[in-house]
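First comes the structure, then the notes that go with it.
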Amino acid sequence: MDRRLLMLAVGMFAIGTDNFVVAGILRGVAESLDTTIGLAGQMVTVYALSFAVMAPVMAAVAGGWPRKLLLVSALGIFVAGNVISALATDLNTVLFSRALAGLGAAMFVPTALGVGALLGEPARRGRALSTVTAGLATATALGAPIGTFIGGLGSWRTTLWFVAVLGAVSMAGVWTMLRSVPRPPRVTLRERLAPLGDVRIAMTLLTSLFAFGGFLMVYTYAGAVLEPVTGGDERKLAGLLLVWGVAATAGNMLAGRLVDRFDSRKVIVAGLGLAIVNFCLLPWTVGHAWSATISLVIWGVIGWGLLVPQQHRLVAFASQAAPLALALNNTATYAGVACSGMLGGVVLLVIAPRYLGLVGAILIAVGLVLATLVPRAPGRPSANGRPVPDPATRILQE
């Protein structure tokens with residue numbers, strides 16, 4: 001394996017872990033800082049909002065920077081944010097440092113994907129990208145459970161030190177191994193936002209915002225939601241998060257096969273419909289280990305399985321500006337996480353955590369309605385009457 005790609009993957013793993021691990025350490029943060037779980041949950045809101053807002057802005061502002069300088073700077077900001085969080089003694093400092101870490105992540109993720117594509121030979125470009133993105137996928141399955149387990153052995157501060165060390169390793173590797181990389185053409189912020197003018201794209205992005213908002217609001221407060229079955233034991237919580245992460249990875253792979261076989265609209269509607277039922281039952285399924293495990297598997301498979309058909313739709317609608325549309329989908333997802341983290345914190349003031357799934361189901365239902373209202377991508381018959389592969393399939397295959 002190319003060691004440069006491996007260092008980028010380590011950085012992705014650190015950022016993915018930082019994004020998801022808060023769910024496992026939230027109670028420890030709240031107790032340590034003498035605050036409520038709802039307020040501590042704003043760590044996720046601030047991080048996600050910083051990422052969502054700054055990703056397109058920094059991509060436009062820093063588009064002319066050398067890639068190596070941008071990657072190292074991004075990881076330096078990310079590490080600094082986590083170190084400040086680990087040392088913080090009050091919630092305001094923690095929230096500021098989470099915004100700082102989110103800024104670093106927003107600078108690193110799109111740049112790392114672009115550099116990964118440039119480092120791979122044309123015939124192996126797909127493998128190069130899969131190596132880099134494997135860091136995020138692995139963080140979903142292993143990073144958060146490992147971080148939660150470490151927090152159970154020490155404290156939530158130990159977990160954030162673990163994330164900071166991962167980021168520092170990646171930064172050192174990028175600094176020593178990565179040489180000059182060609183700069184991509186600069187794209188202005190206006191050009192990045194141009195796909196929003198297409199109502200189909202805008203509605204598809206709103207689907208992502210509400211659906212992932214519902215999925216990840218419950219995940220943000222997973223420690224509190226799953227307390228009936230974990231009894232507050234962070235090691236048990238880590239085990240359940242591992243089940244969720246493995247299911248999420250499997251769901252992402254399964255979704256690719258389903259989209260190749262069925263219309264993406266059908267996959268999205270069926271998945272969101274099942275997710276609504278699953279979340280409506282969550283207040284009762286979290287009372288037993290076996291039913292909680294089944295719910296987490298369904299949740300993980302559908303939650304992350306939604307990414308592929310959503311991306312497929314966007315590429316079909318914006319075949320000439322697919323990268324920009326996919327980047328906006330990433331922003332919409334993080335915006336949903338930010339809004340849902342804030343909403344979840346407010347809702348927990350009036351209801352028990354185990355009923356948070358009902359609120360998540362409402363958000364997912366809004367996403368389902370939006371998904372059904374999105375017009376279909378027009379098909380193009382060929383000269384001999386046989387169907388031509390749609391733009392999404394062609395581009396994703398390339």
Check your understanding: Could you give the distance from CD1 (I15) to CG (N82), rounded to the nearest 0.5 Å?
Key -> 9.5 Å
Review point. Should Y334 and F212 be marked as a side chain to side chain contact (heavy atoms under 4.5 Å, CB included) after you check the CA-CA gap, both sets of side-chain angles, and the distance that decides it?
Key: CA-CA 8 Å; Y334 273 89; F212 283 105; over 6 Å; no
Point to revise | Closest contact, heavy atoms only, V374 versus R313 | key: CB-NH1, 3.6 Å
Review point. Are S85 and S97 close enough that a side-chain donor and a side-chain acceptor fall under 3.5 Å?
Key: yes
Review point. Is W244 reachable from V229 through a run of I, L, V, M, F, W or Y residues, each pair having side-chain heavy atoms under 4.5 Å apart?
Key: yes
Check your understanding: When rounded to the nearest 0.5 angstrom, what is the spacing between CZ in F20 and OH in Y219?
Key -> 6.5 Å
Exercise for review: For residues I294 and T285, determine if any side-chain heavy atom of one lies less than 4.5 Å from a side-chain heavy atom of the other.
Suggested key: no
**Study point:** Hydrophobic cluster identity match, V218 and I298, side-chain contacts under 4.5 Å
**Key:** yes
Point to revise | Taking every non-hydrogen atom, the tightest pair across P228 and V225 | key: CD-O, 3.3 Å
Practice item. Indicate yes or no for a side-chain donor-acceptor contact from T148 to the backbone of A238 under 3.5 Å, with no hydrogens or angles considered. Key: no
Point to revise | Hydrophobic cluster membership, L370 vs F215, 4.5 Å side-chain cutoff | key: yes
Check your understanding: Looking at side-chain heavy atoms only, is the closest gap between V109 and F51 below 4.5 Å?
Key -> yes
Check your understanding: Going by the salt bridge (charged side-chain N to carboxylate O under 4.0 Å, His left out) test, which pairs reach into residues 88-104, not counting sequence neighbours?
Key -> D18-R98
Ignoring hydrogens and angles, write down the donor-acceptor pairs under 3.5 Å from the side chains of residues 348-367, residues two or more places apart or on other chains.
| from | atom 1 | to | atom 2 | distance (Å) |
| --- | --- | --- | --- | --- |
| R354 | NE | P283 | O | 2.9 |
| R354 | NH2 | P283 | O | 2.6 |

Point to revise | Test salt bridge (Lys or Arg N to Asp or Glu O under 4.0 Å) applied to R157 - qualifying residues, sequence neighbours left out | key: none
Review point. Side chains of T207 and L306: does their closest heavy-atom pair fall under 4.5 Å?
Key: no
Please output the side-chain donor-acceptor pairs of residues 24-36 that fall under 3.5 Å, not counting sequence neighbours, one pair per line with the distance.
| from | atom 1 | to | atom 2 | distance (Å) |
| --- | --- | --- | --- | --- |
| R27 | NH2 | E227 | OE1 | 2.5 |
| S32 | OG | W156 | NE1 | 3.4 |
| T36 | OG1 | L39 | N | 3.1 |

Point to revise | Residues that I77 engages under side chain to side chain contact (heavy atoms under 4.5 Å, CB included), provided they are two or more places apart | key: L100, L103, M107
Exercise for review: Taking all non-hydrogen atoms of both residues into account, name the closest pair between Y47 and A105 and its distance.
Suggested key: OH-CB, 3.4 Å
Check your understanding: If you round to the nearest 0.5 Å, how far is CZ of R67 from CG of L178?
Key -> 11.0 Å
Check your understanding: How long is the gap from CD1 on I302 to CG on L254, to the nearest 0.5 Å?
Key -> 10.0 Å
Revision key, fill the gap. Minimal heavy-atom distance between A23 and A222, with the atoms involved, is CB-CB, 4.4 Å
Donor-acceptor pairs under 3.5 angstrom involving side-chain atoms of residues 267-282: please list them, not counting sequence neighbours.
| from | atom 1 | to | atom 2 | distance (Å) |
| --- | --- | --- | --- | --- |
| N278 | ND2 | S295 | O | 3.1 |

Point to revise | Contacts of V44 that satisfy side chain to side chain contact (heavy atoms under 4.5 Å, CB included) - sequence neighbours left out | key: V22, T220, V337
Practice item. List the steps and the verdict of side chain to side chain contact (heavy atoms under 4.5 Å, CB included) for L237 and L241. Key: CA-CA 6 Å; L237 177 60; L241 293 181; 4.2 Å; yes
**Study point:** Smallest separation among heavy atoms of S170 and F108, with atom names
**Key:** OG-CZ, 4.4 Å
Check your understanding: Taking only residues two or more places apart in sequence, or in another chain, which ones meet D198 in a salt bridge (Lys or Arg N to Asp or Glu O under 4.0 Å)?
Key -> R200
Exercise for review: Find the distance between CG (L71) and CG (L8) and round it off to the nearest 0.5 Å.
Suggested key: 6.0 Å
**Study point:** Test log, rule side chain to side chain contact (heavy atoms under 4.5 Å, CB included), inputs V94 and M43
**Key:** CA-CA 7 Å; V94 169; M43 294 170 63; 3.7 Å; yes
Exercise for review: Test F96 against V46 for side chain to side chain contact (heavy atoms under 4.5 Å, CB included), laying out the working first.
Suggested key: CA-CA 8 Å; F96 165 76; V46 171; over 6 Å; no
Exercise for review: State yes or no: do V369 and I201 share one hydrophobic cluster built from I, L, V, M, F, W and Y residues joined by side-chain heavy-atom distances below 4.5 Å, directly or via other members?
Suggested key: yes
Check your understanding: Would a 4.5 Å heavy-atom cut-off, applied to side chains only, mark M203 and V199 as touching?
Key -> yes
Review point. Do T158 side-chain atoms and G154 backbone N/O form a donor-acceptor pair below 3.5 Å?
Key: no
Check your understanding: Got a donor-acceptor contact below 3.5 angstrom from the K68 side chain to the W175 backbone?
Key -> yes
Check your understanding: Listed by chain and number, what are the ring pair (Phe, Tyr, Trp, His ring centres under 6.0 Å) partners of F210, not counting sequence neighbours?
Key -> none
Practice item. Give, for atom CG of L49 and atom CE of M54, the distance between the pair rounded to the nearest 0.5 Å. Key: 10.5 Å
Show me the side-chain donor-acceptor pairs of residues 159-169 shorter than 3.5 Å, one per line, residues at least two apart or across chains.
| from | atom 1 | to | atom 2 | distance (Å) |
| --- | --- | --- | --- | --- |
| T159 | OG1 | G147 | O | 2.8 |
| T159 | OG1 | G151 | N | 3.2 |

Exercise for review: List in chain and number order the residues that pass side-chain hydrogen bond (donor to acceptor under 3.5 Å, both in side chains) with S208, two or more places apart in sequence or in another chain; answer none if no residue qualifies.
Suggested key: Q310, N329
Check your understanding: Are F149 and L226 linked, directly or through other ILVMFWY residues, by side chains that come within less than 4.5 angstrom of each other?
Key -> no
Point to revise | Sidechain-backbone polar pair: Y221 side chain, G345 backbone, donor-acceptor under 3.5 Å | key: yes
Revision key, fill the gap. For A335 and A52 the tightest heavy-atom approach is N-CB, 3.7 Å
Review point. What residues form a side-chain hydrogen bond (donor to acceptor under 3.5 Å, both in side chains) with T45, not counting sequence neighbours?
Key: Q42
